[in-house]
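Model, not experiment: these values are computed from the prediction. When reading the values below, keep in mind they use all heavy atoms of this one structure, side chains included, and skip hydrogens, waters and symmetry mates.
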Amino acid sequence: MRATAALLEQPGQPFVLTEVELEDPRPDEVLVRVAAVGICGTDLEFATFFPTPALLGHEGSGVVEKVGAHVTSVRPGDHVAMSFASCGTCALCRTGSPAYCRGFDAVNFSGRRPDGSTAVTHEGREVNAHFLGQSSFASHVVAPERAVVGIDPSLDLLRAGPFGCGFQTGAGGVLNVLQPRPGSSIAVFGAGAVGVAALIAADLSGCDVVTAVDVNPAKLEAARGFGATHTVDSSVGNTAEQLAALVPEGFDFVIDTTGREDVLRTAVEALGPLGRAGVIGIGPSESMSFEWRSILNGRTVTGIIGGSSLPQLFLPRLLDLNAKGRFPVEKMITYFPFEQINEAVAAVRSGSVGKAVLAF
């Protein structure tokens, strides 16, 4: 079948709207008509180097149109959110940790199915797709069943898309990994979509001190509406000193969403004894380094993928919280028609929107 897609013809170039050909779903796959898809920093990062022609996008929601012969969890007409793919057979998948699937890179970032094929072609050329199980910058997606999560049909499909990555990652980093006790202190570095989800989750967990750290005053102001009790503008003054003034004994928890070595070092050094740092961000730094004494006294640094979640369980939980008004991320969403994907990307890069979502 034909689908409208935002194709990346060359790394670093604007997306080009065109028609692509999709194969029918295989026995373990699902065809989804996309209703909305969020734009994530991971899309923008991979757009600079992913092999082209490429079809990105990984925060999709929509309606199932067709299922393969072996699919049992959804059927045509079901509303779904989509998340990352996993092999389903390794020990980590089998024990409920698909975010750390031993084949994660192969099934999410190779641009191909596990057998090396692709479901997407354009004018006779094979397209590198299957990005994080979806490649949902398109009107239709062929996704593996494990990347598809059935959701309540009463929920807003336009709102559900970003939950599959950014919101799940930030919230899961707090609720699934750090699990702060009521009365704890936490600092979240980066007040974008992932950081905001972490702030809300920290507030839900009963943290007494919830500090947002960013260089953008507008984001910091918005963070107070998402549960931040304090803010630190790291473009002004000494960030470490500002954090120490808030919690002199050191924070119980920190989360870095920026992927910057200097920021992560500041975050780790802001911890108190037995403090825990969650590393979420994919950003410009290829390495991290710490002064060795900064991780003594029982401090730990933990890498977090996909919020360490089992999407089939965690996404419905988050969406239910959202429906009840307890996870109000919709306040940061700005919608763009799918045809305006490049304008939406520019808005994300400039920081003028909190979360850009493309609507079909």
### Query
Are Val263 and Val174 grouped together when hydrophobic residues (ILVMFWY) are joined by side-chain heavy atoms under 4.5 angstrom apart?
no
### Task
Locate the shortest heavy-atom distance separating Phe226 from Lys331; write the atom from each residue and the value.
CE2-CE, 3.7 Å
### Main-chain N/O of Glu126 paired to Thr121 side chain as donor or acceptor, under 3.5 Å
no
### Task
Go through the steps to decide whether Leu44 and Val345 satisfy the test side-chain contact (heavy atoms from CB on, under 4.5 Å), and finish with yes or no.
CA-CA 8 Å; Leu44 305 188; Val345 167; 3.7 Å; yes
### Task
Output the distance between atom CZ (Arg26) and atom CG (Asp115), rounded to the nearest 0.5 Å.
4.5 Å
### Task
Over 60° means perpendicular and under 30° means parallel, so classify the ring planes of Phe84 and Phe104, tilted if in between.
tilted
### Query
Can any side-chain N or O of Thr95 pair as donor or acceptor with the backbone N or O of Ala91 at less than 3.5 Å?
yes
### Message
side-chain contact (heavy atoms from CB on, under 4.5 Å), that's the test. Do Asp252 and Ile186 meet it? Break it down for me.
### Response
CA-CA 6 Å; Asp252 298 311; Ile186 186 170; over 6 Å; no
### Query
Do Phe163 and Asn322 come close enough that some side-chain heavy atom pair is under 4.5 Å?
yes
### Task
Search all heavy atoms of Val177 against all heavy atoms of Ser308 and return the closest pair with its distance.
CG2-OG, 3.3 Å
### Query
Are any side-chain N or O atoms of Asn128 and backbone N or O atoms of Pro51, one a donor and one an acceptor, separated by less than 3.5 Å?
yes
### Query
In terms of the angle between their ring planes, are Phe338 and Phe360 parallel, tilted or perpendicular, with boundaries placed at 30° and 60°?
parallel
### Query
How about Pro98 and Leu310: do any of their side-chain heavy atoms sit closer than 4.5 Å?
yes
### Query
Do the side chains of Leu318 and Met332 join up, straight or via other hydrophobic residues, at under 4.5 Å, putting them in one cluster?
yes
### Query
Can you check whether Val254's main-chain N or O pairs, donor with acceptor, with Arg276's side chain at less than 3.5 Å?
no
### Message
Please say yes or no: joined through hydrophobic side-chain contacts below 4.5 Å, possibly via intermediate residues, are Val20 and Phe50 part of one cluster?
### Response
yes
#### Entry: Reported CD-to-CZ distance for the pair Glu59 and Phe167, which is rounded to 0.5 angstrom
7.5 Å
## Note on the structure
The reported gap from CG in Leu271 to CG in Asn297 (rounded to nearest 0.5 angstrom) is 10.5 Å
### Any side-chain heavy-atom pair of Pro316 and Asp152 under 4.5 Å
no
#### Entry: Separation between CG of Asp233 and CG of Asp214, rounded to the nearest 0.5 Å
8.0 Å
### Query
What about Val279 and Val268, same hydrophobic cluster or not, with Ile/Leu/Val/Met/Phe/Trp/Tyr joined at side-chain heavy-atom distances under 4.5 Å?
yes
### Message
Has Asp78 got a side-chain atom pairing as donor or acceptor with Gly150's backbone, closer than 3.5 angstrom?
### Response
no
#### Entry: Heavy-atom closest pair, residues Val196 and Ala191
CG2-O, 3.7 Å
### Query
Is a side-chain donor or acceptor of His130 paired with a backbone partner of Pro114 at a separation under 3.5 angstrom?
no
### Query
Ile255 and Val232: same hydrophobic cluster, using ILVMFWY side-chain contacts below 4.5 Å?
no
### Task
Starting at CZ of Phe109, measure out to OG1 of Thr42 and round the result to the nearest 0.5 Å.
7.0 Å
### Query
Any side-chain donor paired with an acceptor under 3.5 Å for Ser73 and Glu145?
yes
### Summary
Tracing side-chain contacts under 4.5 Å among Ile, Leu, Val, Met, Phe, Trp and Tyr outward from Leu220 reaches none
### Task
Start with the C-alpha gap between Phe137 and Asp43, add the side-chain angles, then the distance that decides, and say whether side-chain contact (heavy atoms from CB on, under 4.5 Å) holds.
CA-CA 10 Å; Phe137 285 166; Asp43 293 311; 3.7 Å; yes
### Query
Is a salt bridge present between Arg260 and Asp262, judged by a nitrogen-to-oxygen distance below 4.0 Å?
yes
### Query
Got a second to check how far Thr118's OG1 is from Arg125's CZ, nearest 0.5 Å?
12.0 Å
### Query
Does Ser61 use its side chain to pair, donor to acceptor, with the backbone of Leu157 at less than 3.5 Å?
yes
### Message
Exactly one of Glu23, Glu123, Glu19 should register a salt bridge (Lys or Arg N to Asp or Glu O under 4.0 Å) with Arg2. Which one does?
### Response
Glu19
### Query
With a 4.5 Å limit on heavy-atom distance, are the side chains of Leu31 and Met1 in contact?
yes
### Message
Among residues at least two apart in sequence or on other chains, which ones pass side-chain hydrogen bond (donor to acceptor under 3.5 Å, both in side chains) with Glu269?
### Response
Arg265
### Query
Are side-chain heavy atoms of Pro76 and Glu65 found at a separation under 4.5 Å?
no
### Query
For the residue pair Phe46 and Phe49, does the interplanar ring angle fall in the parallel (under 30°), tilted (30 to 60°) or perpendicular (over 60°) class?
tilted
### Query
Can you check whether Leu55's main-chain N or O pairs, donor with acceptor, with Ser135's side chain at less than 3.5 Å?
yes
### Message
Looking at every non-hydrogen atom in both residues, tell me the closest pair between Ala197 and Gly166 and how far apart they are.
### Response
CB-O, 4.4 Å
### Query
Quick one: are Leu243 and Val213 in side-chain contact, heavy atoms under 4.5 Å?
yes
### Message
Is any side-chain heavy atom of Val120 closer than 4.5 Å to one of Leu22?
### Response
yes
### Message
If you apply the rule side-chain contact (heavy atoms from CB on, under 4.5 Å), what do you find for Leu358 with Ile39, and how did you get there?
### Response
CA-CA 8 Å; Leu358 306 171; Ile39 295 177; 4.1 Å; yes
### Summary
Minimal heavy-atom distance between Asp203 and Val210, with the atoms involved, is N-CG2, 4.5 Å
#### Entry: Side-chain heavy-atom pair Lys355, Pro162 within 4.5 angstrom cut-off
yes
### Message
Tell me whether Glu286 at atom CD has more than 12 heavy atoms from other residues, nucleotides or ligands lying less than 6.0 Å away.
### Response
no
### Query
Which pair of heavy atoms, one from Cys90 and one from Cys101, lies closest together, and at what distance?
SG-CA, 3.9 Å
### Task
Using modelled atom types only, decide if a donor and an acceptor are shared between the side chain of Gln168 and the backbone of Gly164 within a distance under 3.5 Å.
yes
### Task
Consider only side-chain N and O atoms of Arg317 and Ser309, and report whether a donor and an acceptor are under 3.5 Å apart.
no
### Task
For Arg94 and Thr89, indicate whether the former's side chain and the latter's backbone hold a donor-acceptor pair under 3.5 Å.
yes
